[in-house]
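Only heavy atoms go into these numbers, but all of them, side chains included; no hydrogens, no water, no symmetry mates. Chain letters run A, B, ... following the sequence lines, proteins first and then strands; every chain starts at 1.
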Protein chains: 2
Amino acid sequence: MSYFRPNIEAMQGYQPGEQPREQGFIKLNTNENPYPPSPRVLDALRAALTEDLRKYPDPLSQGVREKAAEVYGLRPDQVIVGNGSDDLLAMVCRASAGEGDLIVQPRPTYTLYETLARIQGARLLSVPFEDFARLPNGLVQKGAKVTFVSNPNSPTGTVVTTESLSELADRVDGILVVDEAYVDFADFHSLSLLDRHDNVLVLRSFSKSFSLAGLRIGLGFGYPALIDGLLKVKDSYNLTRLSQAAALAALGDLNYMREMVARVRATREDLSVSLARLGLEVYASQSNFLWARCLRPPARRVYEELKRRKILIRYFNHPGLQDCLRITVGTPEEIEALVRELRSILEEAAMS
Amino acid sequence: MSYFRPNIEAMQGYQPGEQPREQGFIKLNTNENPYPPSPRVLDALRAALTEDLRKYPDPLSQGVREKAAEVYGLRPDQVIVGNGSDDLLAMVCRASAGEGDLIVQPRPTYTLYETLARIQGARLLSVPFEDFARLPNGLVQKGAKVTFVSNPNSPTGTVVTTESLSELADRVDGILVVDEAYVDFADFHSLSLLDRHDNVLVLRSFSKSFSLAGLRIGLGFGYPALIDGLLKVKDSYNLTRLSQAAALAALGDLNYMREMVARVRATREDLSVSLARLGLEVYASQSNFLWARCLRPPARRVYEELKRRKILIRYFNHPGLQDCLRITVGTPEEIEALVRELRSILEEAAMS
């Protein structure tokens with residue numbers, strides 16, 4: 001006899017990218033920022049290491065809401081703070097999609113959406129991209145409770161326009177989640193959607209551009225009524241005191257973030273050129289990773305060979321998108337090491 | 001038109017105890033520990049303030065699982081780590097109770113159970129205690145997916161025996177959650193339930209005895225198959241790097257925790273005597289708070305008067321248990337201040 005719901009019995013848990021406990025890997029597999037967090041964040045954390053840790057955190061992270069509202073030109077009641085944006089993704093499913101309800105996403109995209117749909121016992125419809133620069137038509141589905149669009153998209157790094165998202169927001173039933181986890185690395189963002197769409201939830205993450213994956217901080221922006229509904233299903237104290245202190249300090253030092261982002265973008269362009277020279281098919285990326293296709297040797301072997309040489313990247317084999325690699329943009333030195341090993345692997349394969 | 005499920009529309013969110021942003025309150029309302037966390041925890045946190053915060057945490061908190069297994073005499077696969085034990089409570093509901101499924105609890109108890117049941121769209125049956133030292137018979141319900149027992153119970157501070165929990169575990173359908181958030185303050189715990197019940201999940205919290213409410217750390221113990229099911233619905237990276245570091249250090253310094261607990265227990269006995277002398281009806285407590293009834297002046301007025309005097313306690317008005325106050329055990333100085341103000345409030349009421 002099982003103690004779990006049938007949908008839980010039937011599902012696999014989400015598989016995060018490998019976090020090797022062994023030292024010495026070049027980690028280009030989980031889209032972390034290669035640069036450290038702002039020194040001001042570390043200072044704020046040091047200052048927060050007091051006996052006050054014995055007390056509960058502010059359940060709403062009100063200070064962070066207020067600061068984020070100021071920074072992004074919103075009101076505090078348009079902001080919700082998550083234990084990572086994954087926490088916010090879970091909240092929107094929990095609040096809006098019951099058993100048998102419909103959740104829609106393009107394919108390929110962030111694989112956590114599917115896991116969250118399964119946890120809810122919801123139906124998931126995945127609509128394949130025909131062209132990564134355009135939203136597939138089939139995304140508009142009658143009765144959909146939640147429609148997910150990651151923009152820039154993962155694992156492709158590609159973007160669609162704000163206009164196309166606005167049009168989608170007009171046409172979908174239910175909530176449109178615009179997951180902007182990678183948007184600080186892009187040429188534009190879509191916060192203007194909040195000017196007129198009461199069904200749009202825009203998500204941000206501190207794990208990439210702010211170099212704070214280890215502290216689990218995400219933001220959600222939407223109409224106050226949308227935010228209020230999500231707050232009902234929020235874990236009572238979802239952010240630690242330290243994560244709240246770090247979030248505040250990070251929002252107070254945007255220039256540092258922008259500088260690190262500029263470096264990553266520059267390295268991204270270099271890497272893109274290098275991969276193309278090696279003969280890989282590279283997609284134009286607006287995020288902190290590159291998505292490339294490698295047929296000879298097969299992408300899986302490239303991934304495994306790199307891992308043997310202590311470089312971790314991510315291997316994907318999506319239907320319709322076989323033999324793809326996702327490479328996080330590291331420091332120039334890390335990327336140089338990657339390109340060197342990759343060249344050697346490709347040369348060995350060509351000779352064999 | 002609503003973007004939310006009917007069960008979410010109909011519910012109120014969980015209302016945590018007040019966390020005043022204003023300084024100067026004596027906080028005896030949310031069962032925090034009045035003593036600071038172990039110096040070793042603060043040292044470990046300082047050491048963890050490195051650029052590694054840019055990287056994701058270990059998704060399973062494997063180091064904490066291993067240390068907890070060692071400390072509590074279990075295997076690592078019998079341990080799950082939560083972002084507070086609230087996170088674990090949410091996981092068990094999410095994994096086991098679908099829409100319309102039955103969740104059972106005694107009444108009164110921790111009010112979050114009800115919120116979590118509503119989020120799932122589950123049916124909640126609350127069975128009133130007749131005697132706080134005994135589990136009510138009605139707790140055994142055919143088809144129940146989850147049965148919650150908080151032991152020591154909140155807000156009463158009372159306990160039932162391990163034998164009665166073992167008998168309940170044999171008789172319930174589904175999972176029995178034994179929420180031991182306060183158990184370090186009690187004379188005994190019920191981990192031995194895990195010797196033979198594959199449907200028992202025992203929960204622990206670092207928010208009370210370990211003085212770490214601000215870092216959100218909880219542990220769940222159960223059979224490996226039970227833990228595996230819960231892992232499927234866990235947020236992908238639920239604990240920050242810093243909370244994992246703190247949990248490890250706290251588990252490495254149990255003596256400090258036991259010393260602080262001994263102080264709280266001593267103050268609890270003093271406070272219990274003082275409250276009885278003031279004419280309140282006080283329940284015998286095995287936790288870090290006292291539950292008392294106050295009829296004249298009405299408990300609500302006592303709560304409000306104390307708040308005006310910058311002392312926060314909690315006021316409850318449960319059906320069948322009107323006019324009750326829950327007072328967290330603070331330092332001897334805080335408790336002295338409370339008793340002094342309480343005496344003055346009662347005297348003023350007697351004269352008016």
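Taking 4.0 Å as the cut-off between side-chain N and carboxylate O, A:D52 and A:K55 count as a salt-bridged pair.
Between B:F206 and B:L215 there is no side-chain heavy-atom pair separated by less than 4.5 Å. Within the 4.5 Å cutoff, side-chain heavy atoms of B:L89 are placed close to those of B:V177.
Counting heavy-atom pairs under 4.5 Å between each of A:Q244, A:E32, A:K208, A:M11 and chain B puts A:E32 at the top. For the options A:D86, A:D58, A:N199, heavy-atom pairs under 4.5 Å to chain B are most numerous at A:N199. Taking A:G63, A:P34, A:P6 one by one and counting their heavy-atom pairs under 4.5 Å with chain B, the maximum is reached by A:P34. Between chain B and the residues A:K234, A:E51, A:R241, A:E99, the most heavy-atom pairs under 4.5 angstrom are made by A:E99. Highest contact tally toward chain B, considering only A:L226, A:L231, A:T50, is held by A:L226 [criterion: heavy-atom pairs under 4.5 Å]. Interface remark: of the candidates B:A97, B:G121, B:G84, B:G13, B:A97 forms the most heavy-atom pairs closer than 4.5 Å to chain A. Ranked by heavy-atom pairs under 4.5 Å with chain A, the list B:L116, B:D235, B:V41 is led by B:D235.
With a 4.5 Å cut-off on non-hydrogen atoms, A:Y35 touches chain B through its backbone but not through its side chain. Interface residue A:S243: only side-chain heavy atoms are found under 4.5 Å from chain B. Using a 4.5 Å cut-off between heavy atoms, B:A48 does not touch chain A at all. Proximity to chain B (any heavy atom under 4.5 Å) is shown, for A:A246, by neither the backbone nor the side chain. Of the atoms belonging to A:A90, it is side-chain heavy atoms, and not backbone ones, that fall under 4.5 Å from chain B. Contact of A:D198 with chain B is made through backbone and side chain together, with heavy-atom distances under 4.5 Å. Contacts of B:L112 with chain A are made by side-chain atoms alone, with heavy-atom separations under 4.5 Å and no backbone atom involved. Interface residue A:P59: only side-chain heavy atoms are found under 4.5 Å from chain B.
In this structure, the side chain of B:R118 does not engage the main chain of B:N7 through any donor-acceptor pair within 3.5 Å. Put simply, the side chain of A:T147 never gets that close to the backbone of A:L176: no donor and acceptor are under 3.5 Å apart. Checking side-chain atoms of A:Q120 against main-chain N and O of A:G98 turns up no donor-acceptor pair under 3.5 Å.
B:R40 CZ: 12 or fewer foreign heavy atoms inside a 6.0 Å radius. The 12-atom threshold is not exceeded at CZ of B:R171, counting heavy atoms of other residues, nucleotides or ligands nearer than 6.0 Å.
Side-chain contact of A:D87 with A:N238: a donor-acceptor pair under 3.5 Å is present, judged by distance alone.
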